[in-house]
Amino acid sequence: MTTLRPFTCDDLFKFNNVNFDPLTETYGLSFYTQYLAKWPEYFQLAESPSEHIMGYIMGKVEGHMDNWHGHVTALTVSPDYRRLGLAALLMSFLEDISEKKRAYFVDLFVRKSNKVAINMYTNLGYIIYRTILEYYSGDQDEDAYDMRKALSRDVNKKSVIPYTQPVRLEDIDMN
């Protein structure tokens with residue numbers, strides 16, 4: 001049985017095994033603590049009965065007016081616990097919080113090369129809204145997909161009308 005519970009500061013010293021996945025973005029401690037302080041309800045942990053960290057989701061709510069939305073900053077599940085529906089459970093949790101906050105949509109960024117994640121998000125109802133050129137930096141810069149799912153407040157689904165041309169990060173409003 002899996003337990004979803006709020007992520008705590010103590011978990012910062014226990015979750016490295018989940019972050020070892022090369023497709024998981026890892027941040028500095030101050031980044032995680034900022035999210036814990038500002039958006040604690042968006043930072044949830046999946047825990048096994050033996051108290052092993054199975055995965056987590058970290059997000060926030062941001063934007064203005066009809067761009068008010070939930071954002072998935074990080075979602076990862078330990079390789080030992082994949083294919084059990086945990087990612088879908090964590091995403092559903094974040095979507096529910098965003099509905100309660102009266103958001104219009106939920107968005108996330110994913111590497112174009114991460115076909116497994118793209119397929120999972122598509123199966124959860126997300127669409128590729130736009131391509132952001134060279135969003136991920138590293139040995140080789142990589143483009144990202146900005147994927148979105150409209151929530152109930154976006155009755156006309158305006159938030160998920162896709163762009164036809166790629167954009168550069170400096171050309172978009174991230175809020």
Side-chain angles (χ1 to χ4, degrees), residues 7 15 18-44 55-77 87-88 90-175:
F7 198 97
F15 79 138
V18 179
N19 275 357
F20 284 148
D21 183 334
L23 294 174
T24 298
E25 296 297 317
T26 302
Y27 307 98
L29 281 178
S30 63
F31 190 80
Y32 293 106
T33 56
Q34 175 188 359
Y35 271 72
L36 275 169
K38 284 183 88 170
W39 303 285
E41 67 279 18
Y42 275 88
F43 207 158
Q44 293 290 308
Y56 68 89
I57 193 163
M58 177 173 70
K60 61 184 173 180
V61 64
E62 63 184 354
H64 310 14
M65 300 173 60
D66 60 357
N67 195 35
W68 179 248
H69 66 281
H71 175 73
V72 179
T73 303
L75 168 68
T76 191
V77 174
L90 289 163
M91 288 297 294
S92 178
F93 183 89
L94 188 135
E95 291 165 12
D96 289 346
I97 295 286
S98 298
E99 284 280 6
K100 289 175 184 159
K101 299 265 184 195
R102 307 264 307 128
Y104 285 87
F105 61 94
V106 171
D107 78 344
L108 58 94
F109 301 120
V110 61
R111 292 177 184 273
K112 273 181 78 171
S113 64
N114 192 347
K115 303 296 185 208
V116 172
I118 293 164
N119 186 52
M120 179 197 70
Y121 293 128
T122 301
N123 288 336
L124 293 175
Y126 287 77
I127 60 105
I128 296 172
Y129 176 70
R130 62 184 163 192
T131 301
I132 303 173
L133 299 172
E134 300 175 345
Y135 180 80
Y136 293 101
S137 57
D139 293 339
Q140 282 190 324
D141 289 348
E142 186 174 352
D143 299 345
Y145 286 138
D146 176 353
M147 298 187 75
R148 290 186 176 188
K149 181 177 182 177
L151 299 177
S152 63
R153 188 170 183 197
D154 185 5
V155 177
N156 297 319
K157 309 292 186 224
K158 289 181 181 179
S159 66
V160 293
I161 299 170
Y163 277 51
T164 56
Q165 297 294 316
V167 297
R168 296 202 169 277
L169 187 58
E170 61 268 14
D171 296 331
I172 61 174
D173 178 13
M174 294 298 282
N175 292 320

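FYI, side chains are in, hydrogens and waters are out, and symmetry mates aren't considered; it's all heavy atoms of this structure. The first residue in the sequence is number 1, and the count goes up from there. Quick caveat, the model's predicted, so the values are computed rather than measured.
Tyr129 pairs in a side chain to side chain contact (heavy atoms under 4.5 Å, CB included) with only one of the listed residues (Asp146, Asp107, Ile161), which is Asp146.
Between atom OH of residue Tyr27 and atom CE of residue Met58 there is a gap of 5.0 Å, rounded to the nearest 0.5 Å. Annotation: the span from Leu90 atom CG to Leu75 atom CG amounts to 6.0 Å, rounded to 0.5 Å. Taken to the nearest 0.5 Å, the CG atom of Leu108 stands 13.0 Å off from the OH atom of Tyr145. Atom-to-atom distance recorded for Ser152:OG and Arg102:CZ is 7.0 Å, nearest 0.5 angstrom. Note that CG of Asn123 is 12.0 Å distant from CD1 of Ile118, once rounded to the nearest 0.5 Å. The CD atom of Gln165 sits 13.5 Å away from the CZ atom of Arg130 when rounded to the nearest 0.5 Å.
Two residues are said to be in side-chain contact when any heavy atoms from C-beta on lie closer than 4.5 Å; Met91 and Tyr121 meet this criterion. In this structure, the side chains of Phe7 and Phe15 come closer than 4.5 Å at one or more pairs of heavy atoms. Put simply, the side chain of Asp143 reaches to within 4.5 Å of the side chain of Glu134, judged on heavy atoms. You'll find the side chain of Asn67 stays beyond 4.5 Å of the side chain of Tyr104, heavy atoms only. In this structure, the side chains of Ser159 and His69 stay at 4.5 Å or more apart for every pair of heavy atoms. Inter-residue side-chain proximity for Asp154 and Arg148 is flagged as unmet; no heavy-atom pair is nearer than 4.5 Å.
Scanning both residues, Val110 and Ala117, for their nearest heavy atoms gives CG2-CB, 3.9 Å. In terms of heavy-atom proximity, Ile127 sits nearest to Val160 at CD1-O, 3.4 Å. The minimum heavy-atom distance linking Glu142 with Ser113 is given by the pair OE2-OG, 2.5 Å. Taking both residues in full, the closest heavy atoms of Tyr42 and Gly70 are given as OH-CA, 4.3 Å, listed atom of the first, atom of the second, then distance. Residues Val106 and Tyr126 approach most closely at CG1-OH, 3.3 Å, considering heavy atoms. The two atoms that bring Ala87 and Met120 nearest to each other are CB-SD, 3.4 Å, heavy atoms only.
Judged purely by distance below 3.5 Å, without hydrogens or angles, the side chains of Thr131 and Tyr163 never pair a donor atom with an acceptor atom. A donor atom on one side chain and an acceptor atom on the other are found under 3.5 Å apart for Asn19 and Tyr56.
Side chain of Ser92 to main chain of Ala88: no donor-acceptor pair is present (N/O by atom type, distance under 3.5 Å, no hydrogens or angles). Of the possible polar contacts, none joining the Glu99 side chain to the Leu151 backbone as a donor-acceptor pair under 3.5 Å is found. Between the side chain of Glu62 and the backbone N or O of His71, no donor-acceptor pair lies under 3.5 Å.
Between Phe109 and Tyr135, the angle of the ring planes lies from 30° to 60°, which puts this pair in the tilted group. Phe31 and Tyr35 have tilted rings, their planes meeting at an angle from 30° to 60° on a 0 to 90° scale.
The environment of NZ in Lys157 is crowded: more than 12 heavy-atom neighbours from other residues, nucleotides or ligands sit within 6.0 Å.
Gln44 pairs by the side chain to side chain donor-acceptor pair (under 3.5 Å) definition with nothing, not counting sequence neighbours. Qualifying salt bridge (charged side-chain N to carboxylate O under 4.0 Å, His left out) partners for Lys101, counting only residues two or more places apart in sequence or in other chains: Glu41.
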Report the C-alpha distance between Thr73 and Trp39 in whole Å, list the side-chain angles of each, state the deciding distance to 0.1 Å, and finish with yes or no for side-chain contact (heavy atoms from CB on, under 4.5 Å).
CA-CA 11 Å; Thr73 303; Trp39 303 285; over 6 Å; no
Step by step, work out the side-chain contact (heavy atoms from CB on, under 4.5 Å) result for Thr122 and Met147.
CA-CA 9 Å; Thr122 301; Met147 298 187 75; 3.7 Å; yes
